[in-house]
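Taking it in order: structure first as structure tokens, then the write-up.
Values below: all heavy atoms of this structure, side chains included; hydrogens, waters and symmetry mates excluded. In this text, all values refer to a predicted model and were calculated from it rather than measured experimentally. As the structure lists them, so they are numbered: ligands from 1, and atoms in each ligand from 1.
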Amino acid sequence: MKRYGSLRWILLAAGVIAILGLTGMNVYSLYALHEHTLESSRENKKLQIAEFTDKIRYRFFKKFIGLGSADINRLQEEFNKSGQFTPEVTSLLNKASGDSIYDNIFFIPSGSDACQQQEPILQYNSDQKFEPTTNYSSVVCDGMGIARTQIKSLLADYQYNNKVIFDSHRSITIALINPSKREVFGYITMPFNQDFLRNSYLPKILAQKFGSEQHPGMNVWLRDWTNNEIIASSNPNATYDRQQIQFEQNFPDFFDYWKAEVSFTDESTIAASNASLIKNLIVLGAAMLLLLGALVFMFISAQKERALAERQADFLANVTHELKTPLSVMQAAGENLADGRVQDQQRLKRYGTHIFSEAVRLRNMIEKLLDVAKSNAGNSLVEPEPTDIGNLVESYLDKHQKFFRKKDFNLDLNIDDNLPKVNIDQNSLETILSNLIDNAIKYSTDEKYLGIHVSKQNDHLKLCIEDHGIGIDKKNLSNIFTKFFRVEDSLTAKTKGHGLGLSIVKNLVELNSGSIKVESKPGNGSIFIIRFPILSESNKEVSLDSSSTLPEPDSRNKELEEHVS
Ligand code: ADP
């Protein structure tokens, strides 16, 4: 068994390392998952911002959806003929002219140098017709100029009939292109209505998309970075702080001076992820502690089992030896007597005394074994009755006074008057007394003191057995009630015993609803304190009824005492 000792420690260490390793990995994964959840939640929000910029872009030319299929040849012919557009394109212009996002709609044929000469350009009026006007701002010319420049480089391999070009947040120009002739027919330019854009459209759409009700997890500001001016915000209550901005989104080829700036706030996803992280960590921690606890418990149990098995094996070997020794003595003495060879009176008496004392020794040993069996059998062998512990202690000592006298012990007996009764089995108490007194005598050297005190303490009766013997050191105190345990020191080694007495005592005390504890100091002695609950009035009657069935008190020590005396 011993050779597996170190293997057991190695396995325990491996088990603990495995549990800690698994827990560590799980904690790491939980944190990674938590980070990933937060990261993907933010990535998702960034995507929403990108979608948002696309949506705004689309908003500026959505009234011209359908222009791509218009016949530009026919449009040119109609314009050359009437100065107006074909009905299909006119219907698109009509839609756009009703849109408050545009201030006006202007058209300049590609050959015109109106902007350079301050000559009139065409304005789409409320009669749904183009009319020349000189009342146009530089915004219109700037928009057309940018469009002209961009188209120049594109035209060689451009296949569509229009191209949308933004002049940042100021205007949008749609170049009408004749792809078959690779020429630009003209430019429709629409300056934005700045008031509507800044005060109505942008704040509204920001609030709609990212207002605190829809997206409590972030605030979005539209900022003109050239002038450091906030154009619009998704949440009017949130204060802009440059330090808090965690993400910036540019607008693709429009609003060049503007940026969507985002700060992520503590939101439900983060809170939920945090809560789930904490929950998981608690469960994991509890599971780890449980596993570690179970492992350590199993290890300690195995160690205890092993120690018990070892002690049991020793005990068996000792008992066999000790049962055989008195038997051999008795057998030899009996044989001599039976032969009739011993005639001398003195020798006859000596042989008789040998047989008697060995028989008592044998009997005591068997009694001890029976006590173990009894205390293991539990309640079935305990028959409590209302007992005056003081009387019982006195009568026990009375029976054994010659024995104490012989042992030369100074007996300090102190029993309080008028003690209430307790409900205990008298045989059990005799066994308890005999074991504790026996130990007090066995484990005392020079100071032969035996104190026995019985007193009342609250609702308990307290019985103390005290000696001034060798005492028990702290590390052994918790083990002395364990079956087969004996302190390993020179006096114990010299004293006969099997480490069963105190385990029997504890078992019997507990079977009689009592408790036992020990206070001890090596070199100073020990005191064993037993408490039994005092019989309450209601219990008294029940117990008194049952007392008639109790067995006769045990008288097994009588013979020992007579013999010794
Ligand atoms: P044993 O047969 O060895 O006396 P016990 O169960 O009665 O078995 O006691 C267990 C061990 O506790 C003893 O071996 C002894 O080392 C220690 N012990 C018990 N009582 C005393 C005492 N009064 N003083 C010192 N040591 C004691």
Just to confirm my output: which protein heavy-atom neighbour is closest to atom 21 (C) of ligand 1, and how far is it?
Tyr443 CD1, 3.4 Å
Identify, for atom 7 (O) of ligand 1, the protein heavy atom at the shortest distance, and state residue, atom and that distance.
Asn439 ND2, 2.8 Å
So, 4.0 Å and heavy atoms of Asn435: is ligand 1 close enough to count as a contact?
no
What residue and heavy atom of the protein are closest to atom 12 (O) of ligand 1, and at what distance?
Ile480 CG2, 3.5 Å
Looking only at the side chains, is there a donor atom on one of Asn336 and Tyr351 sitting less than 3.5 Å from an acceptor on the other?
yes
If you measure every N/O of Ser503 against every N/O of ligand 1, is any gap under 3.5 Å?
no
When distances are taken from atom 26 (N) of ligand 1, the protein heavy atom at minimum range is Ile472 CG1, 3.4 Å
Report the nearest protein non-hydrogen atom to atom 23 (N) of ligand 1: residue, atom name, distance rounded to 0.1 Å.
Asp467 OD2, 2.9 Å
Is a donor on one side and an acceptor on the other found under 3.5 Å between the side chain of Gln343 and the backbone of Gly340?
yes
Give a yes or no on whether a salt bridge exists between Glu519 and Lys517, defined as a side-chain N under 4.0 angstrom from a carboxylate O.
yes
Look at the rings of Phe247 and Phe264 and say which category their plane angle falls in: under 30° parallel, 30 to 60° tilted, over 60° perpendicular.
parallel
Out of all atoms in ligand 1, which are within 4.0 Å of some heavy atom of Lys442? Include the element for each.
1 (P), 2 (O), 4 (O)
Among all protein non-hydrogen atoms, which one is nearest to atom 10 (C) of ligand 1, and what is the separation to 0.1 Å?
Phe485 O, 3.4 Å
Give the intermediate values and the outcome of side chain to side chain contact (heavy atoms under 4.5 Å, CB included) for residues Leu392 and Glu430.
CA-CA 8 Å; Leu392 207 124; Glu430 288 213 11; 4.2 Å; yes
Can you tell me if Asn410 uses its side chain to pair, donor with acceptor, with the backbone of Tyr449 under 3.5 Å?
no
Looking at ligand 1, is there an atom of it that comes within less than 4.0 Å of some heavy atom belonging to Gly499?
yes
Under 3.5 Å between any N/O of Gly501 and any N/O of ligand 1: does that happen in this structure?
yes
Is Glu43 atom CD crowded by more than 12 heavy atoms from other residues, nucleotides or ligands, each under 6.0 Å away?
yes
Decide yes or no for Ile415 and Leu413: does some side-chain heavy atom of the first lie under 4.5 Å from some side-chain heavy atom of the second?
yes
So if I count the atoms of ligand 1 from 1 in the order they appear, which ones are less than 4.0 Å from some heavy atom of Phe528?
20 (N), 23 (N)
Around atom 3 (O) of ligand 1, find the nearest protein heavy atom and jot down its residue, atom name and distance.
Arg486 NE, 2.5 Å
Just which atoms of ligand 1 are under 4.0 Å from any heavy atom in Ser526?
24 (N)
For a side chain to side chain contact (heavy atoms under 4.5 Å, CB included) check, start with the C-alpha distance between Lys407 and Lys448, then their side-chain angles and the critical distance, and finish with the verdict.
CA-CA 9 Å; Lys407 288 281 171 187; Lys448 295 182 182 297; over 6 Å; no
If you measure from the Lys or Arg side-chain nitrogens to the Asp or Glu carboxylate oxygens, is any gap between Arg242 and Glu248 under 4.0 Å?
yes
Flag Ile470 as yes when one of its N or O atoms lies below 3.5 Å from any N or O atom of ligand 1, and as no otherwise.
no
Return yes when Phe481 approaches ligand 1 closer than 4.0 angstrom through a heavy atom, no otherwise.
no
Under 4.0 Å to a heavy atom of Gly471 - the qualifying atoms of ligand 1, by number
25 (C)
Please report whether ligand 1 has a polar contact with Val487, defined as an N or O pair separated by less than 3.5 Å (distance criterion only).
yes
Nearest to atom 6 (O) of ligand 1, what protein heavy atom do you find, and at what distance?
Leu502 N, 2.8 Å
Using side chain to side chain donor-acceptor pair (under 3.5 Å) as the criterion, point out the one residue from Tyr240, Trp221, Trp225 that pairs with Glu261.
Tyr240
Among Ser276, Ser29, Ser273, side chain to side chain donor-acceptor pair (under 3.5 Å) partner for His34:
Ser273
For Leu500, the ligand 1 atoms with a heavy-atom partner under 4.0 Å come out as 6 (O), 8 (O)
